[in-house]
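Input: a single structure, listed below in C-alpha cells.
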Amino acid sequence: GSMVVVVVIVWVLLVGRLWTKSRRHSFLLERFFEEALKVAVNASRHADSILNHTLKNTMADAASDVELFLEGLEAGTGAIDETHLQKAAASLWRGMRSCRNRQAYLN
C-alpha cells in the first residue's frame, strides 16, 4: 500500500520535472528562432537598402548618358557618337547584375 503511494508520488514528480524541462527547452528553441528571424529580416532590409542605393546611382548614370546622347543629336553635328549610348547600356547591365547579386549584400 504505502510503497505504491511512494512510487506514484515519485512517478508524478519525475513526469512533472520532465514536462517542465521539455517546456523550458521549447521556450528556449522558440526564443532562438525568433532571434535568428530578426537577424535574417534585418540583413534582408540592409541588402535591400544597399541595392536600392546602387540602382538609383546606376539609373542616374544611364539617364545622364542618354541625355548627353540626345543633346548630341540635337546639336546636329551630322555624326552620331554612340559612346554615351554604350555607357548607358553598360550602366543598365551593371544595375541588372546588382539585382542578380543581391544575395551578396546580405553579409
Side-chain angles (χ1 to χ4, degrees):
S2 64
M3 187 61 139
V4 172
V5 172
V6 170
V7 169
V8 169
I9 291 173
V10 169
W11 184 79
V12 168
L13 290 174
L14 286 175
V15 169
R17 188 172 176 96
L18 286 174
W19 183 75
T20 302
K21 275 186 152 185
S22 175
R23 297 263 307 167
R24 188 177 304 135
H25 182 70
S26 295
F27 173 77
L28 290 174
L29 276 176
E30 186 177 329
R31 187 84 192 260
F32 170 78
F33 285 119
E34 284 175 0
E35 289 300 316
L37 180 61
K38 282 182 190 177
V39 169
V41 166
N42 286 338
S44 182
R45 284 185 184 146
H46 182 69
D48 289 343
S49 177
I50 291 172
L51 180 59
N52 187 29
H53 178 75
T54 301
L55 289 177
K56 283 181 183 178
N57 288 339
T58 303
M59 297 305 111
D61 290 346
S64 65
D65 282 321
V66 169
E67 286 178 23
L68 288 172
F69 173 77
L70 293 175
E71 285 176 8
L73 286 181
E74 290 173 0
T77 59
I80 297 177
D81 182 8
E82 295 177 357
T83 304
H84 292 297
L85 280 184
Q86 291 168 347
K87 288 181 179 179
S91 292
L92 294 173
W93 281 111
R94 199 168 54 249
M96 288 189 296
R97 191 171 46 251
S98 294
C99 289
R100 284 193 307 267
N101 294 335
R102 177 193 173 274
Q103 194 69 22
Y105 301 137
L106 286 173
N107 297 326

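Counting from 1, the numbers follow the sequence of the chain as shown.
For Thr58 against Leu92, the heavy-atom pair with the smallest separation is CG2-N, 4.5 Å.
Heavy atoms from other residues, nucleotides or ligands lying under 6.0 Å from CD of Glu82 number 12 at most.
Between the Thr20 side chain and the Gly16 main chain, a donor and an acceptor come within less than 3.5 Å of each other.
Trp11 belongs to a hydrophobic cluster with Val4, Val8, Val12, Val15, counting contacts under 4.5 Å between side-chain heavy atoms of Ile, Leu, Val, Met, Phe, Trp and Tyr, direct or through other members.
Listed by first then second residue, pairs satisfying side chain to side chain donor-acceptor pair (under 3.5 Å) with a partner in residues 47-57 read Asp48-Arg102, His53-Asn57, not counting sequence neighbours. Residue pairs meeting the side chain to side chain donor-acceptor pair (under 3.5 Å) criterion with at least one member in residues 21-40: none, sequence neighbours excluded.
Scored by the side-chain hydrogen bond (donor to acceptor under 3.5 Å, both in side chains) test, Asn101 finds no partners at all (sequence neighbours excluded). Every residue two or more places apart in sequence or in another chain that forms a side-chain hydrogen bond (donor to acceptor under 3.5 Å, both in side chains) with Ser91 is listed here: Arg94.
Screening Val7, Leu13, Val6 for a side chain to side chain contact (heavy atoms under 4.5 Å, CB included) involving Val10 leaves a single residue, Val6.
The CG atom of Leu51 sits 5.0 Å away from the SG atom of Cys99 when rounded to the nearest 0.5 Å. Atom CG of Asn42 sits about 9.5 Å away from atom CG of Leu37, to the nearest 0.5 Å.
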Kindly list each side-chain donor-acceptor pair under 3.5 angstrom involving residues 62-72, sequence neighbours excluded, with atom names and distances?
unit_1, atom_1, unit_2, atom_2, d
Ser64, OG, Ala60, O, 3.3
Ser64, OG, Asp61, O, 2.9

